[in-house]
Structure formats: structure tokens, C-alpha cells
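Both counts, for ligands and for their atoms, begin at 1 and track the order of listing.
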Amino acid sequence: MKRVGSVAQASDLRPDRIPAHVACVMDGNGRWARSRGLPRTEGHAAGEEAIVDAVDGALEVGVRWLTLFAFSTENWKRPVGEVRYLMHFNESLLERRRDELHDKGVKIVFAGRRDWRVPRRIIERMDESAELTRHNKRLVLTMAFNYGGRAEIVDAVRTIVAEGIPAEKVDEKMVRKHLYHPDHPDPDLVIRTSGEFRMSNFLLWQSSYSELVFSPVLWPDFRREHLYEAIAEYQHRERRFGDVRQ
Ligand code: IPE
Ligand code: IPE
Ligand code: MG
């Protein structure tokens, strides 16, 4: 696994090999804040700029799907004050940014469980943002919120069982059909920031053949150049999908 190195520009990339779907584990907010003597929550706030720049970068090079991991099903374990902050932060982020995202042609969608723990006000903001942007075509921005890859598979299995589908009809196609967004292609490229080398329950089903790029950059420092570096790295990979090279 290679780490991302030098700064890249959009013009360095091969336009015929831009990944259609890029997914990011936005990690390192807490460490970014701690290294400045700030509370962890300041790191989450600083991550907003990185989100906006990553979206603009994706738009610039023609990425069609961008999925961002914003809150995991395990993040409820965090101190109650941080969880409360993250709930409010994501709600106000949608309020602040949805119009500009809409103007840029971004379709905002959500992936995750809508269980009792997610405050109703956030669900309302999510629904409003999704409704406002539903006809946009340039980029699908999926916010993975209260998302877990295992929970997604469990939810798919539950629906399959509830629909009374017989066991012999259950195959990979059927499971995929019951994921949160069966119409989204699998991510071609998964980026994780902050120098951690793990998936942390992100897109487990969908990332089977994704190319993984790990960046040492802490999420609040992430900018479109880092996205381009990761895409440049992706463009050097040879994808085989279990086959042999012809
Ligand atoms: C990622 O940053 C944001 C969320 C998980 C919500 P972290 O908060 O995990 O930051 P570190 O990993 O503690 O530095
Ligand atoms: C993954 O990061 C979740 C999000 C980025 C939302 P974590 O910081 O929660 O992952 P671990 O705990 O380091 O594996
Ligand atoms: Mg983390």
C-alpha cells in the first residue's frame, strides 16, 4: 500500500481514467484539533472546508459519485458532548451548504440507518436537502451518516426475509438490490485520511474491488490537490477483478 506523495493538479490526471465513484473516510479531525490545543469538536468544524473543496475538486475532474463517511454506527460510543456536537454540526452544515451545492448541480443523498438515535431535525434537513437537489445530475454526493457496512448488509437481509424471497433466489444481485443505494456503482477508489489503514465498517459490500489509497493528511487539511494525488495513484493501479492480465 503506497502513501500519497507529491502535490497533483487536475491537469496531471488522465481524463479517460477518472474514477466514476470516489469514497472517503474523513478521518483525523480530533488529532488535527488536539495538535493545536483545541477541543476535538473544533476539528470537526474545520473539516467543513475540506468537504467543500473535495466536492469542488470532484466536480472539476468529472467524478460522478462522491461518498463521504460522516458518522458511523460505532461513533455513538463517543462522549455525549461530541456526539451532540456532530449531530448539530451535520444539521447546520446542510442548512449552510445545500443552496450552493444545489447551484453547483450536486444531488445530495444519504446512506445510513434512520433509527431513533438520529434527531428528527436532522432527518428533516436531510429530506429537505435531498428533495431540493433530487434532479441534479453533475455529481451525486452521498453523506454516509449513522452508516455501518455491517448494518447495511443486515438491513438488506432483513428486507429480503420480510419480502418472503425464497433462499434459492438470494444471490449477490439480490443482496445488492437491497442495499441503501442499489443504483450507485461500487466505489472505484476509497481514500482514507489521517494515516490509519482500515475500513472501519465503511462500504463493506461495495468496496470488494475498490482501489484503496491511504493519505497521511488529517481531514481538516485535505484539499482537492490531495484528491488529485489519490486519483493519480489510482490511475497507476492495475485492476484485475480476480481475472488474469490478457
Ligand atoms: C473523523 O475524525 C470524524 C468522525 C469520525 C466523525 P475523528 O473524530 O475520528 O478524528 P481522530 O481520528 O480522533 O483524529
Ligand atoms: C471512521 O472513523 C468513521 C468516520 C470517518 C465517520 P473513526 O475514527 O470512527 O474510525 P476508527 O475508530 O479509528 O476505526
Ligand atoms: Mg478517527
**Item:** His184 and Gln206 side chains, donor-acceptor separation under 3.5 Å
**Value:** no
**Prompt:** Any side-chain donor paired with an acceptor under 3.5 Å for Glu152 and Tyr147?
**Reply:** yes
**Request:** Supply the atom-to-atom distance Glu229 CD to Arg223 CZ, rounded to the nearest 0.5 angstrom.
**Result:** 13.0 Å
**Straight-line distance of Thr133 OG1 to Arg98 CZ, nearest 0.5 Å** = 10.0 Å
**Fill in**
Note, the Mg ion (ligand 3) has protein N, O or S atoms under 2.8 Å numbering 1
**Salt-bridge contact Glu163-Lys169 (side-chain N to carboxylate O under 4.0 Å)** = no
**Prompt:** Do Lys173 and Asp171 sit within salt-bridge range, that is, some charged N less than 4.0 Å from a carboxylate O?
**Reply:** no
**Asked** Going by atom types alone, do His21 and Asp186 pair a side-chain donor with an acceptor below 3.5 Å?
**Response** no
**Request:** For this output row, return yes or no: ring centroids of Phe145 and Phe110 closer than 6.0 angstrom.
**Result:** no
**Under 3.5 Å side-chain donor-acceptor pair for Arg113 and Thr73** = no
Identify all pairs of nitrogen or oxygen atoms, one from ligand 2 and one from the protein, separated by less than 3.5 Å, and list them with distances.
from: ligand 2; atom 1: 8 (O); to: Asp27; atom 2: OD1; distance (Å): 3.2
from: ligand 2; atom 1: 8 (O); to: Arg78; atom 2: NH2; distance (Å): 3.2
from: ligand 2; atom 1: 9 (O); to: Asn75; atom 2: ND2; distance (Å): 2.9
from: ligand 2; atom 1: 9 (O); to: Arg78; atom 2: NH2; distance (Å): 3.3
from: ligand 2; atom 1: 10 (O); to: Arg192; atom 2: NH2; distance (Å): 3.3
from: ligand 2; atom 1: 10 (O); to: Ser200; atom 2: OG; distance (Å): 3.3
from: ligand 2; atom 1: 13 (O); to: Arg198; atom 2: NH2; distance (Å): 2.8
from: ligand 2; atom 1: 14 (O); to: Arg198; atom 2: NE; distance (Å): 2.8
from: ligand 2; atom 1: 14 (O); to: Ser200; atom 2: OG; distance (Å): 2.6

**Asked** Within less than 4.0 angstrom of ligand 1, does Arg34 place any heavy atom?
**Response** no
**Message:** Assess whether a salt bridge exists between Arg121 and Glu124, defined as any Lys/Arg side-chain N lying under 4.0 Å from an Asp/Glu carboxylate O.
**Reply:** no
